[in-house]
Structure formats: structure tokens, C-alpha cells
Amino acid sequence: MSTTGGISYMQAVTEGPDAAASEALATLHRVFGYEAFRGEQEEVIEHVVAGGDAVVLMPTGGGKSLCYQIPSLVRPGTGVVVSPLIALMQDQVDALRALGVRAGFINSTQDFDERRMVEAEFLAGELDLLYLAPERLRVEATLDLLSRGKISVFAIDEAHCVSQWGHDFRPDYLALSLLGERWPDVPRIALTATATHATHQEITQRLGMPDARHFVASFDRPNIQYRIVPKADPRKQLLAFLREEHQGDAGIVYCLSRNSVERTAEFLSANGIEAVPYHAGLDAGTRAAHQSRFLREEGLVVVATIAFGMGIDKPDVRFVAHLDLPKSVEGYYQETGRAGRDGLPSTAWMAYGLNDVIQQRKLIQSGEGDEAFRRRASAHLDAMLALCETARCRRGQLLAYFGQEPPAEGCGNCDTCLTPPETWDGTVAAQKVLSTVVRLQRERGQKFGAVQIVDILLGKRTGKVIQFDHDQLSVFGIGQDLTDGEWRGVIRQLLAQELLAVEGEYGTLVLTEASGTVLRREREVPLRKEPKKPAAARAGSSGRGERKARTTAAELPAELLPAFEALRAWRAEQAREQGVPAYVIFHDATLREIVTLRPGSVRELGTVGGVGEKKLATYGEGVLEVLNSLDGSAPAGTSAPAGDAGEDHWAGPVEEPEPEDWM
């Protein structure tokens with residue numbers, strides 16, 4: 001499909017960039033059903049169509065796929081897409097075929113005859129897009145096949161997988177520089193949803209694209225509300241969050257361990273939330289079945305490790321929740337970006353506590369890798385902790401991390417903007433904690449974790465306190481001005497500010513080089529106040545009121561809801577019959593526009609965003625029949641579609657005492 005029904009590719013090249021841009025826009029309208037490109041899309045597409053290499057950083061849901069799909073349709077030949085997502089290739093191809101795009105894939109899930117058929121279609125020039133896994137390009141037979149066909153563009157999706165410092169490193173990506181060596185005249189486009197400047201440069205270097213033009217779209221996802229709550233009883237907090245704000249919504253819950261995944265999925269299911277687990281310890285068949293259910297069913301929750309989610313195109317994921325602290329801002333951004341791909345209001349919610357910080361510090365110190373690796377992992381964690389502990393706009397913190405300008409007045413759609421946290425001078429509290437650590441080490445030669453430190457400060461005569469005579473220390477009971485939870489918050493924030501460190505297998509607390517500046521009163525320690533109410537109730541109350549207001553604004557008027565639900569039911573039936581996810585038929589956003597416009601003919605339906613020629617021909621009459629049945633009207637006539645119709649596009653400050661024996 002190297003023409004758009006208007007001018008040919010060669011005409012576009014001959015007539016100049018304006019003609020090429022016109023052809024790309026016509027393809028967007030005819031195939032995908034949208035009237036205009038978004039953000040950087042147009043500039044990227046024009047560059048690649050003209051034969052240039054590109055490295056594209058664009059957030060999940062920002063329209064990365066169009067940046068290689070349209071050049072593949074406009075340029076002569078087949079676009080070859082390198083994707084690490086074998087389990088999702090079928091769904092990706094199904095979605096393209098529903099648009100009238102000739103797409104196929106070659107991977108290990110196919111039998112001999114299926115693979116041969118796709119190879120024949122490629123060689124005959126009957127494919128617009130061909131999906132391959134990166135390991136497939138290490139097979140000489142695959143390289144030979146590609147050499148015998150006509151390739152329009154190479155697209156390297158999820159390009160951050162080439163970064164050996166990244167959270168999704170795939171060794172097979174390191175060999176992809178051969179594409180430029182073997183096919184120097186074929187433009188290449190490398191795409192990722194998240195990368196720091198360092199990762200960006202690593203992508204360019206390892207893929208052998210020194211002359212590529214770099215495009216960096218805004219990392220802002222204004223429809224996502226970022227919320228981080230202090231961890232108390234995380235599963236119960238999660239349940240309250242889902243019941244109060246996302247009952248019946250599809251979403252993803254991330255946990256650090258497989259055991260936590262299993263127990264959380266069981267807990268949610270036992271409490272009326274339909275949930276399934278997903279982690280690398282499950283057999284391949286179970287993982288595939290759970291992934292398929294998530295894509296095809298509405299309202300299912302997947303509880304997963306980071307093994308799940310890359311490449312998931314489901315547009316109506318309404319929330320992403322974290323019950324454990326992610327290892328990096330990149331990982332957090334990538335995972336939360338799976339919510340709200342359709343642009344509708346969604347939530348990125350995380351429960352975060354002291355044990356998260358201790359556990360992540362322990363993992364870095366005890367993990368594999370050299371000192372350079374540990375330094376980099378620590379830097380990643382420090383940035384993540386800064387995001388969690390900030391009293392400023394979280395969205396601004398995220399954007400600044402990726403080198404972009406934060407909103408001057410705050411975003412108005414994160415917890416720190418909606419309910420600004422209070423801060424207080426925690427210098428004295430910090431001195432008390434650090435002094436306790438000093439007394440234990442210097443007077444007793446002992447090291448203990450946070451629980452023992454807090455018990456000593458609160459003057460609790462627990463079994464362990466009595467066993468080690470810690471009630472005889474001068475610091476025993478000096479911290480009764482704060483609660484247990486508040487002291488845990490102080491320790492958590494001291495760890496985040498690197499005024500305390502974690503050591504050894506048992507997570508004992510030790511001083512750092514910076515601790516002395518606090519003990520000597522050379523440095524102040526500002527801290528966030530810990531909430532007095534249970535975290536779940538606080539999040540549910542303050543967040544829920546705002547959420548309700550935002551959702552109500554985004555929802556349809558009551559009189560349009562019956563039509564919307566009727567179209568959803570019709571869409572679900574179509575999806576079941578065809579064995580594809582519901583969003584392959586139409587996105588929710590498209591259905592919303594349909595019931596708002598209430599088209600009376602196929603021609604009017606063709607003006608809706610996301611309804612193009614192929615879908616108009618396939619589903620147009622069915623949509624109108626549903627609408628007419630609600631009106632009590634006769635089925636719509638068979639008016640012909642317009643030739644250019646579009647398609648699926650804590651307590652207050654403490655008084656400083658006089659210097660005492662505990663200092």
C-alpha cells in the first residue's frame with residue numbers, strides 16, 4: 001500500500017516535502033480516521049518518509065506507532081517492525097488488519113505453513129507491515145528473506161531495551177546495528193516511551209545511528225493523576241482505592257515479588273475485585289491466558305511484577321497501582337504510562353513506606369554487579385525517593401527528571417498540588433535518631449534496624465529492649481513527642497536524604513558521611529509531616545472528591561449514557577465473534593464521540609475520529625442500527641461512504657530542647 005488513493009510515493013518525492021506531507025495526512029485520514037497529527041508526529045513522519053533516520057522519545061499513548069506505520073504505508077515496500085513482544089504480535093496485527101492494513105508477523109508461535117505463507121506475502125509485496133522479534137534477526141534465514149524483498153522502513157520499537165543500564169534490557173537488541181550496515185539506504189526509526197538523556201545517547205550509539213535526527217516529545221500525561229500515599233496496610237489501602245474510585249475498571253497492580261503478586265491477586269478476588277496474577281514463575285500458557293483475558297475483557301485487574309505490560313496497547317486502563325517502590329523513575333514512568341492511553345482521566349497510585357527504602361537499599365548492596373553498577377542503581381533509587389518525598393508538584397518533578405520544563409504553577413492534578421503537604425523543621429528529630437544509632441554503635445558495638453530504634457526513642461520496654469539493656473541508654477524515651485508512625489516517617493526521610501544508610505542482610509541502620517553535619521547542627525533537616533489519619537482513609541477522602549469532580553466532567557451527560565452502553569454491548573459482541581479485544585473494534589473515545597454527534601448516516605459517521613474507510617464499511621451500518629433502535633427508528637439506509645471518509649485514527653514542629661546527654 002504505497003499510494004493513498006491520491007498521489008504516489010514517487011510523485012510525492014518529485015513534487016517535494018509539501019506533497020509528501022499531504023500524502024501522509026491523507027493516509028492518516030483514510031486509514032486511521034483522524035484529521036490531524038498530534039505533537040511531533042507530523043515532523044517525525046515527514047523526516048522518515050523522506051528517507052531520514054530518527055530516534056523518537058514519545059510517552060505511552062502519545063502515538064508512537066503512527067510514526068512508523070504511516071511511513072510504511074506511504075513508502076514503497078514493507079515496513080519491518082522489530083518488537084520484543086511475541087505474545088502481543090497477534091493482537092497488534094489484528095488491530096492493523098481491522099484498519100485495512102496488510103500486516104503479518106513471523107515468530108516462534110507459528111507452524112511451518114503459517115510462517116511460509118507470511119514469507120510468501122512479504123516477497124510478493126503483499127504486506128504493508130511485518131513484525132519480527134529481535135532474536136529472529138540473528139537467524140541468517142531471516143536476513144536472507146529480508147534481502148529478497150522490498151523494505152520501506154525499519155522500526156525498532158521499545159528501543160530502550162538496548163540499554164544495558166535499563167530496566168528492560170534485551171541482549172538481542174545489541175545486534176540490531178546490522179540493519180544499518182546491511183541496508184544502508186533504508187531509513188530506520190528507533191522508538192521508546194521513556195529514556196533519560198544518557199539512555200537516549202546509548203540508544204543512538206548501540207544501534208549505529210550517529211546521523212539520526214532526535215525527536216523528544218513532551219513527557220507530560222495531563223490526564224494521569226499521580227498519587228503517593230504512606231504505606232500502612234497496603235492491600236487494604238489498595239482495596240479501598242479500587243472500591244471508592246475504580247470499581248469495575250481495568251487496571252494493573254505492580255508488586256516486587258512473585259509471592260506478593262499471588263497473595264494480592266487472591267486478596268482482591270476474595271473481596272469482589274476480579275484479578276489474576278502475572279509473573280515469570282507462572283507457566284507460559286497461564287501467562288498468555290491472563291494477558292489475553294486482560295486485553296479482551298473489560299474491568300479485569302492484573303497483579304504483576306514488571307514482567308508484564310510492555311507493549312500493551314489496551315487504551316482503557318484506568319489505573320496503575322504500585323504496592324512496592326519501583327527501582328527507578330524510568331521504570332515508574334514506563335509502568336504508570338500504561339494507564340489512560342485513550343486520554344481519559346486515569347490514576348497512578350502508589351503506597352510507599354520505610355520498608356520499601358530499606359529493601360531497595362539492601363538489594364543494591366547485596367546484588368550482583370560491580371561498584372559502577374551499584375552507584376548507578378543508587379542514583380536511580382535516589383531519584384525515585386526524591387519523587388516520593390517531594391513537597392512540590394510530582395508531575396513537575398517527573399518532567400524535570402527527563403530534562404523538560406515543569407509547570408510554573410504546578411499541574412493541579414497530583415496529590416501534592418491538590419492537597420499540598422505540610423513541612424516542618426525535623427532537625428531535632430533527626431538528631432535524636434542519629435544519636436540513638438551512635439549510642440548503640442559506640443557504647444554497645446551494636447547495630448539494629450528501624451524497629452529497635454523507634455522502640456528505644458518511644459521508651460518501650462520490649463523483650464529485645466530489655467534483653468540488650470537498651471532501656472539504660474541515655475536516649476531511651478527521648479522521643480515520646482512523636483508517634484511510632486511519625487518516627488518511621490522520620491527514618492524513611494533520613495534514608496531518602498542519605499543521612500542514614502542501610503547495611504547488611506538484616507537492614508541495620510548506620511551513619512553516613514553527612515550525618516555528622518546534622519549532629520553538629522551545621523545543617524537543617526526539613527521533613528514532610530506524616531498524616532495523622534490512616535493512609536487509606538486520607539487518600540480515599542481527599543483524592544475521591546477531586547476524582548469525582550474530574551470524572552464527572554469527563555463523563556457523558558446522563559441522557560447519552562444509554563446509547564454509550566448500548567454501543568459498548570454491541571462492540572463486545574463484535575469482539576467476541578471475531579476473537580479480538582474490544583478496542584480493536586472502536587476505542588471508548590470513539591464511542592463517546594459517536595453518541596455525542598449522534599450521526600444519522602454513514603457519511604456523518606465517517607466524520608468521527610477513529611472511524612475510517614475500512615471500519616466505516618465494516619461497522620457503519622451496525623452502529624447506526626444500534627442508535628436507531630434506541631430512537632425507535634427504522635434501520636438506516638445504505639448510503640455510500642464518502643471517498644475520503646476517515647478511519648481509526650505528622651505532628652507539628654517540636655521545640656528544640658537544651659543540649660542534653662543524648663547529643
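Residues take their numbers from the sequence shown, with the count starting at 1.
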Next on the checklist: Which residue is it: F219, F402, F215? I am looking for the one with a side chain to side chain contact (heavy atoms under 4.5 Å, CB included) to L57.
Outcome noted: F219
Next on the checklist: Hydrogens and angles aside, do T192 and H200 bring a side-chain donor and acceptor to less than 3.5 Å of each other?
Outcome noted: no
Checklist entry - Who are the side-chain contact (heavy atoms from CB on, under 4.5 Å) partners of R576, not counting sequence neighbours? => result A572, E573
Next on the checklist: We want to know whether H160 and E330 form a side-chain donor-acceptor pair, criterion being a heavy-atom distance below 3.5 angstrom.
Outcome noted: no
Checklist entry - Considering residues at least two apart in sequence or located in another chain, which fulfil the side-chain contact (heavy atoms from CB on, under 4.5 Å) criterion with V276? => result H290, R293, L300, V302
Checklist entry - Restricting to pairs with a member in residues 86-101, which pass salt bridge (charged side-chain N to carboxylate O under 4.0 Å, His left out), not counting sequence neighbours? => result D91-R296
Next on the checklist: Parallel, tilted or perpendicular, judged at 30° and 60°: which one describes the rings of Y619 and F586?
Outcome noted: perpendicular
Next on the checklist: Could you work out, with side-chain contact (heavy atoms from CB on, under 4.5 Å) as the rule, every residue matching V186, not counting sequence neighbours?
Outcome noted: I151, F154, W183
Next on the checklist: Run the ring-ring contact (aromatic ring centres under 6.0 Å, His included) test against F308 and tell me which residues pass, sequence neighbours left out.
Outcome noted: Y278, F294
Next on the checklist: T264: which residues meet the side chain to side chain donor-acceptor pair (under 3.5 Å) condition with it, sequence neighbours left out?
Outcome noted: R235
Item to check | Sequence-distant partners of Y131, ring-ring contact (aromatic ring centres under 6.0 Å, His included), two or more places apart | outcome: none
Next on the checklist: Between R318 and D342, does any NZ, NE, NH1 or NH2 come within less than 4.0 Å of an OD or OE carboxylate oxygen?
Outcome noted: yes
Checklist entry - How many angstroms lie between CD in E577 and CD1 in I585, if you round to the nearest 0.5 Å? => result 9.0 Å
Please tabulate, for side-chain N and O atoms in residues 136-146, each donor-acceptor pair with protein atoms closer than 3.5 Å (sequence neighbours left out).
from, atom 1, to, atom 2, distance (Å)
R138, NH1, D172, OD1, 3.4
E140, OE2, R182, NH1, 3.4
E140, OE2, R182, NH2, 3.3
T142, OG1, R136, O, 3.1
D144, OD2, R148, NE, 3.3

Item to check | ring-ring contact (aromatic ring centres under 6.0 Å, His included) involving Y254 - partner list, sequence neighbours excluded | outcome: H322
Which side-chain N or O atoms in residues 115-125 pair as donor and acceptor under 3.5 Å with protein atoms at least two apart or in another chain?
from, atom 1, to, atom 2, distance (Å)
R116, NH1, E119, OE1, 3.2

Checklist entry - Measuring from L344:CG to R592:CZ, what's the distance to the nearest 0.5 Å? => result 5.0 Å
Item to check | All pairs passing salt bridge (charged side-chain N to carboxylate O under 4.0 Å, His left out) where residues 581-591 contributes a residue, at least two apart | outcome: R568-D588, R571-D588
Checklist entry - Can you name the side-chain contact (heavy atoms from CB on, under 4.5 Å) partners of T109, sequence neighbours left out? => result I86, F105, N107
